[in-house]
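One structure below.
Keep in mind that the numbers below use all heavy atoms, side chains included, and drop hydrogens, waters and symmetry copies.
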Amino acid sequence: MDSLNSLIDGFGTALTPMNLLWAALGVLLGTAIGVLPGIGPAMAVALLLPVTYGLDPTGAFIMFAGIYYGAMFGGSTTSILLNTPGESAAVVAAIEGNPMAKGGRGAQALAAAAIGHFAGGMIGTILLVVLAPTVASLAIGIGAPDYFAIMVLAFIAVTSVLGASRIRGIASLLIGLTIGLVGLDQMTGQQRLTFGSLHLADGVDVVIVAVGLFAIGEALWVAAHLRRSTGKPIPVGRPWLGRADLRRTWKPWLRGPVIGFPFGAIPAGGAEIPTFLSYVTEKRLSKHRDQFGKGAIEGVAGPEAAASASAAGTLVSMLTLGLPTTAVAAVMLAAFQQYGIQPGPLLFEREPELVWGLIASLFVGMVLLLALNLPLAPVWAKLLRIPRPYLYAGILFFAAVGAYAVGGESLDLVILLVIGLIGFGMRRYGLPVLPAVIGVILGPAAEQQLRRALQISDGSVTGLVNTPFSVTVYAIVVLIVAWPLIGRLIARLRGGRKAAEENSTVSGG
């Protein structure tokens with residue numbers, strides 16, 4: 001009942017004319033930027049982060065929520081019409097959505113994606129309302145060793161799940177942790193990696209790191225590989241679904257959130273895994289299995305609902321534990337820190353108006369997303385005709401303006417370019433970007449919790465594993481690290497057993 005009362009108060013905050021305007025603006029901006037190829041929600045939020053500096057925190061986060069969901073829908077629009085996913089969570093939408101569009105059913109694919117986003121977001125946000133206060137109340141009893149263990153789990157999970165190899169994931173994380181070391185030591189006041197610059201004594205702003213790695217790195221990478229011919233978008237009519245389509249899509253819309261939400265809430269790196277799982281599930285359960293790969297509407301509806309519910313799931317761990325599990329959550333955590341607000345177990349007590357206003361705005365944002373994007377789908381399709389050179393020149397311009405707005409220092413632009421070049425190098429050698437961003441944001445906090453735990457235990461390492469919770473978390477970490485080895489051993493044992501059986505049948509024959 002407390003949650004319900006708080007949510008009603010939250011609607012009182014979210015439905016004020018100004019906050020409704022910010023939500024609508026967020027949805028429109030998010031979709032407009034998300035539609036552009038190669039720009040995911042993380043880059044959209046990072047680019048628009050400096051725009052919200054003049055707003056009050058509640059208005060800013062309501063706008064961010066709109067940008068987040070809008071950019072996710074925009075990403076799937078590009079995926080379906082151009083076969084160029086705007087972000088990793090939209091990759092699965094291209095598998096069925098693009099063949100549908102080529103077959104003249106682009107309108108139906110977009111409608112299935114939009115309603116899937118709406119259904120997934122609504123179910124995910126309801127689960128957020130139910131679970132977040134409970135998780136927050138449990139998290140209040142968590143101490144420094146437990147927090148450090150959770151952060152180690154986040155580091156390991158993100159480096160293991162993403163990228164072509166674990167080594168690359170760990171290399172990316174180390175880059176992030178190193179950038180996070182720049183500035184004054186919080187406990188001793190000692191300067192670290194500042195090279196005698198007073199400007200660097202405050203550390204490198206997370207916004208500059210996020211914009212540099214995502215926007216500048218991506219723009220340089222695309223410029224280096226720019227093909228002279230770009231894919232031609234497919235024209236779109238008004239999105240609608242017939243009765244036969246609805247019969248095929250309503251179950252995937254309900255199944256998707258069940259897969260997506262838990263994956264969003266645990267530190268396992270975003271919506272990529274649940275969207276693929278949802279796709280595989282729909283393929284297994286479908287009566288039209290022969291259509292998969294040629295344009296099955298279930299393959300769009302289920303994964304899109306899973307992606308949207310996963311986005312709501314990421315907010316559970318971000319708001320209650322201060323743990324970002326995706327790139328967008330990492331950028332949003334940076335935004336909280338800009339306003340001097342620290343997400344965590346006490347956030348629901350200290351900033352109830354902000355938190356419940358944000359959660360209520362997710363419901364409002366979903367309705368706005370559906371109301372605005374179904375009629376505007378043909379307009380978004382036209383955005384895909386912007387030539388790539390103009391598009392990425394615009395991104396570089398906005399990124400530079402945003403970085404300069406952070407501190408008004410020209411040195412910030414130099415740092416932005418350096419970090420952009422690091423982002424370009426990471427893409428060149430296949431290093432995932434997310435572990436680096438997580439390292440920059442969580443690195444200083446992990447260091448603080450580690451030192452706090454060691455101070456409490458008088459420098460004894462056993463102080464890190466002196467609670468049942470931390471022991472359980474480290475056991476999960478060991479399982480994640482050892483899983484590939486265990487998988488190989490099982491495969492080898494099975495192979496050995498098969499070979500032995502074959503030999504016995506041959507000798508028996």
Side-chain angles (χ1 to χ4, degrees), residues 3-4 6-7 10-11 14 23 26-27 30 34 40-42 44-45 61-73 75-76 87-90 113-136 252-275 277-278 301-333 336 343 347-348 354-370:
S3 294
L4 197 60
S6 303
L7 185 62
F11 274 111
V27 166
V45 177
F61 286 108
I62 285 173
M63 190 172 165
F64 279 141
I67 292 166
Y68 189 2
Y69 282 116
M72 283 187 80
F73 176 74
S76 50
E87 44 128 5
S88 51
I115 300 168
H117 269 288
F118 176 77
M122 281 294 181
I123 295 166
T125 312
I126 290 165
L127 290 169
L128 171 65
V129 170
V130 173
L131 291 175
T134 314
V135 175
W253 285 333
L254 295 178
R255 277 193 291 260
V258 176
I259 298 168
F261 186 84
F263 273 94
I266 57 172
E272 294 85 351
I273 300 169
T275 49
L277 280 178
S278 172
E304 289 299 292
S308 195
S310 169
T314 60
L315 291 176
V316 174
S317 51
M318 206 266 280
L319 294 173
T320 59
L321 299 169
L323 272 185
T325 57
T326 61
V328 182
V331 178
M332 281 179 81
L333 183 61
F336 271 104
L347 185 67
F348 282 78
L354 169 67
V355 174
W356 289 106
L358 172 63
I359 291 171
S361 79
L362 297 178
F363 289 107
V364 177
M366 283 294 143
V367 176
L368 287 171
L369 189 69
L370 200 62

Smallest separation among heavy atoms of L333 and G322, with atom names: CD2-O, 3.6 Å
For A301 against P252, the heavy-atom pair lying closest together: CB-CB, 4.1 Å
Sidechain-backbone polar pair: T314 side chain, A311 backbone, donor-acceptor under 3.5 Å: yes
Heavy-atom closest contact (F336 atom, P343 atom, distance): CG-CG, 3.6 Å
Exam field: side chain S6 to backbone W356, donor-acceptor pair closer than 3.5 Å: no
side-chain contact (heavy atoms from CB on, under 4.5 Å) between L347 and T320, worked out: CA-CA 7 Å; L347 185 67; T320 59; over 6 Å; no
Contact summary for F348 and A132, nearest pair of heavy atoms: CZ-CB, 3.7 Å
Contact summary for A23 and L368, nearest pair of heavy atoms: CB-CD1, 3.8 Å
Closest non-hydrogen atom pair between V364 and A14, with its separation: CG2-CB, 4.4 Å
Spacing of Y69 atom OH and L362 atom CG [to the nearest 0.5 Å]: 5.0 Å
Chi angles and distances behind the side-chain contact (heavy atoms from CB on, under 4.5 Å) call for V355, F61: CA-CA 9 Å; V355 174; F61 286 108; over 6 Å; no
Atom pair CD1 (I359) and CZ (F11), whose distance is rounded to the nearest 0.5 Å: 10.5 Å
Pairwise side-chain contact, F261 with V316, heavy-atom cut-off 4.5 Å (strictly under): yes
Report all side-chain donor-acceptor pairs from residues 116-128 shorter than 3.5 Å, counting only partners two or more places apart or in another chain.
from: H117; atom 1: NE2; to: E304; atom 2: OE1; distance (Å): 2.8
from: T125; atom 1: OG1; to: G121; atom 2: O; distance (Å): 2.5

